[in-house]
Amino acid sequence: MAVNIEPVLVRYLVGLFPSLAAADRAGDGLTVVTAPPEEIYAVLKTLRHEEPFSMDTLGDLTAVDYPDRLEVVYHLYSAACGHKLAVKTSVAKGAAALPTVTGLWPAAEFAERETYDLLGVTFTGHPNLTRILLPEGFEGHPLRKDYSLPPRPATR
Amino acid sequence: MTLRTAEETAARELLRENFILTSLETVLGWARSNSLWPLTSGLACCAIEMMSAAAGRFDLARFGYEVFRPSPRQADLLITAGTLTWKMAPVLKRLYEQMPEPKWVIAMGSCASTGGPFADSYSVVPGVDYVIPVDVYVPGCPPRPEALIDGILQLKAKIAKPQLTRGVVRYGR
Ligand code: SF4
């Protein structure tokens with residue numbers, strides 16, 4: 001039987017960063033840690049480089065639009081050790097900005113562009129934060145709940 | 001009434017049996033309508049049916065339309081098989097412009113005709129005729145290969161006898 005190592009890792013992580021809130025969601029097969037936005041980069045850097053975390057793979061990076069905030073989610077894996085974690089942080093809708101993690105995981109480059117494109121989260125320090133899925137010149141961020149569809153162009 | 005010599009009669013017979021008189025336009029229409037070279041232009045799920053139409057069971061080759069070209073320079077039929085997004089629209093338009101004249105466009109499926117299930121979305125063009133002129137619309141989501149073949153045969157009729165559709169079909173403005 002596989003040993004469930006994530007709760008132990010999270011307890012250790014909370015020891016390093018007391019501001020973290022850990023929610024054990026073993027039912028989903030995923031352990032979630034919530035960090036304040038000021039600390040998210042330090043937390044992710046520790047998870048990436050420090051023993052015993054060594055989370056060398058960024059599985060996904062996306063955001064969720066809640067009525068009062070935008071929640072950015074990082075799914076991390078350790079290919080070397082096999083454990084996984086989800087790290088979340090919340091930013092205000094009006095000033096949705098976070099430091100980029102492209103320096104930690106190069107795979108974040110496209111994921112951050114997509115999150116910027118569709119949900120309007122700015123990642124400061126990103127090498128090329130432009131739209132990736134939508135055409136250049138597109139107005140707005142359509143996965144935000146308050147996005148309203150412009151009328152159809154009339155020319156045919 | 002003049003009597004013809006046997007020689008003259010034979011010569012007239014030979015002429016009737018061996019010459020066809022027609023107009024150049026008709027010959028060109030006949031030739032073009034029987035040898036359309038489609039551009040390989042699958043945009044979404046409809047493309048699977050387009051491939052199926054070209055494969056063994058439906059055998060588009062029966063009609064002479066199986067030479068799918070990977071380059072717009074060699075194609076004269078653009079089958080827009082699938083969903084066109086605004087991101088892709090300039091690319092499709094450029095491909096169309098790179099095709100030599102004369103050229104025709106078939107909008108295959110509801111997406112290409114009207115945007116289909118995605119008509120009211122932020123990313124999908126509600127019909128490829130927003131971007132390029134369309135000759136034949138094939139409805140369906142996706143249309144069966146038979147429907148595509150029927151669409152191409154409609155186009156064939158239109159190319160062979162353009163006067164059939166004159167004043168009926170509006171090209172893109
Ligand atoms: S019409 Fe239907 S099958 Fe064809 S591309 Fe659109 S959604 Fe796919």
Side-chain angles (χ1 to χ4, degrees), chain A residues 60-67 69-73 91 93-97 100 102 106-123 126-156, chain B residues 41-45 47 78 80 82-97 103-139 141 165 167-173:
Chain A
D60 196 10
L61 189 171
T62 185
V64 188
D65 186 355
Y66 286 106
R69 66 189 200 281
L70 281 168
E71 191 173 74
V72 181
V73 191
V91 286
K93 283 193 175 180
T100 179
T102 45
E109 192 174 329
F110 279 7
E112 287 183 349
R113 279 178 70 186
E114 183 180 338
T115 309
Y116 162 74
D117 192 1
L118 299 177
L119 285 135
V121 182
T122 312
F123 293 91
H126 189 286
N128 176 29
L129 196 66
T130 50
R131 292 191 179 276
I132 184 168
L133 294 175
L134 296 169
E136 276 153 42
F138 190 91
E139 304 244 329
H141 303 284
L143 288 198
R144 290 245 189 149
K145 303 272 191 252
D146 56 8
Y147 177 83
S148 62
L149 202 63
R152 240 189 248 185
T155 50
R156 207 181 176 88
Chain B
S41 54
L43 295 169
C45 12
L78 178 59
T80 55
T83 321
L84 181 65
T85 57
W86 286 113
K87 180 94 168 177
M88 183 68 183
V91 182
L92 189 77
K93 185 164 187 200
R94 171 167 294 187
L95 284 172
Y96 174 76
E97 283 165 356
K103 53 193 171 187
W104 297 274
V105 177
I106 290 181
M108 178 181 182
S110 351
C111 282
S113 305
T114 65
F118 319 108
D120 280 316
S121 97
Y122 56 86
S123 56
V124 173
V125 181
V128 293
D129 48 9
Y130 272 81
V131 184
I132 51 177
V134 173
D135 294 278
V136 174
Y137 298 84
V138 180
C141 180
T165 54
V168 179
V169 174
R170 284 175 304 145
Y171 288 83
R173 279 173 231 151

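Residue numbers begin at 1 in each chain, while the letters A, B, ... track the order of the sequences. Given the structure is predicted, the values throughout are model-derived calculations rather than measurements.
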Practice prompt. Establish, from distance only, whether the side-chain atoms of A/Glu112 and A/Thr100 form a donor-acceptor pair under 3.5 Å.
Written response: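 Short answer, yes.
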Worksheet item: How would you list, by chain and number, every residue that makes a side-chain contact (heavy atoms from CB on, under 4.5 Å) with A/Tyr66, sequence neighbours excluded?
Response: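 Expected list: A/Val64, A/Asp68, A/Arg69, A/Glu71.
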Fill in: A/Leu149 versus chain B, the contacting section by heavy-atom distance below 4.5 Å
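For A/Leu149, side-chain heavy atoms alone lie under 4.5 Å from chain B.
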Discussion item. Less than 4.5 Å to any heavy atom of chain B: does that hold for the side chain of A/Leu118, its backbone, both, or neither?
Written reply: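 Side chain only.
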Worksheet item: Taking all non-hydrogen atoms of both residues, which atom of B/Ile132 and which atom of B/Leu78 are closest, and how far apart?
Response: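 Between these two residues, the closest heavy atoms are CD1-CD2, 3.6 Å.
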Discussion item. Can you give me the closest heavy-atom contact between B/Ala47 and B/Gly42, atom names plus distance?
Written reply: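 Distance-wise, the nearest heavy atoms are CB-CA, 3.4 Å.
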Practice prompt. Ignoring hydrogens and angles, tell me if any N or O in the side chain of A/Thr62 forms a donor-acceptor pair with the backbone of A/Val73 under 3.5 Å.
Written response: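 Between the backbone of A/Val73 and the side chain of A/Thr62 there is no qualifying donor-acceptor contact (under 3.5 Å).
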Discussion item. Quick check against the 3.5 Å criterion: does A/Arg131 have a side-chain atom that pairs as donor or acceptor with the backbone of A/Glu136?
Written reply: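 Such a contact is absent between A/Arg131 side chain and A/Glu136 backbone.
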Discussion item. For B/Glu97, is the CD atom crowded, meaning more than 12 foreign heavy atoms sit under 6.0 Å from it?
Written reply: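 Yes, because the 6.0 Å sphere around CD of B/Glu97 holds more than 12 heavy atoms from other groups.
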Item to complete: Go through the atoms of B/Ala89 and report whether side chain, backbone, both or neither lie under 4.5 Å from a heavy atom of chain A.
Response: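 For B/Ala89, no heavy atom lies under 4.5 Å from chain A.
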Worksheet item: Contact part of B/Ser121 toward chain A, heavy-atom cut-off under 4.5 Å: side chain, backbone, both or neither?
Response: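 Contact with chain A: backbone only.
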Worksheet item: Roughly how far, to the nearest 0.5 Å, is OH of A/Tyr116 from OG1 of A/Thr130?
Response: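 Nearest 0.5 Å value for the OG1-OH distance: 8.0 Å.
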Worksheet item: Taking only heavy atoms into account, what residues of residues 140-148 of chain A are found under 4.5 Å from chain B?
Response: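 When heavy atoms of chain B are the reference, residues 140-148 of chain A contributes A/Pro142, A/Leu143, A/Tyr147 within the under-4.5 Å range.
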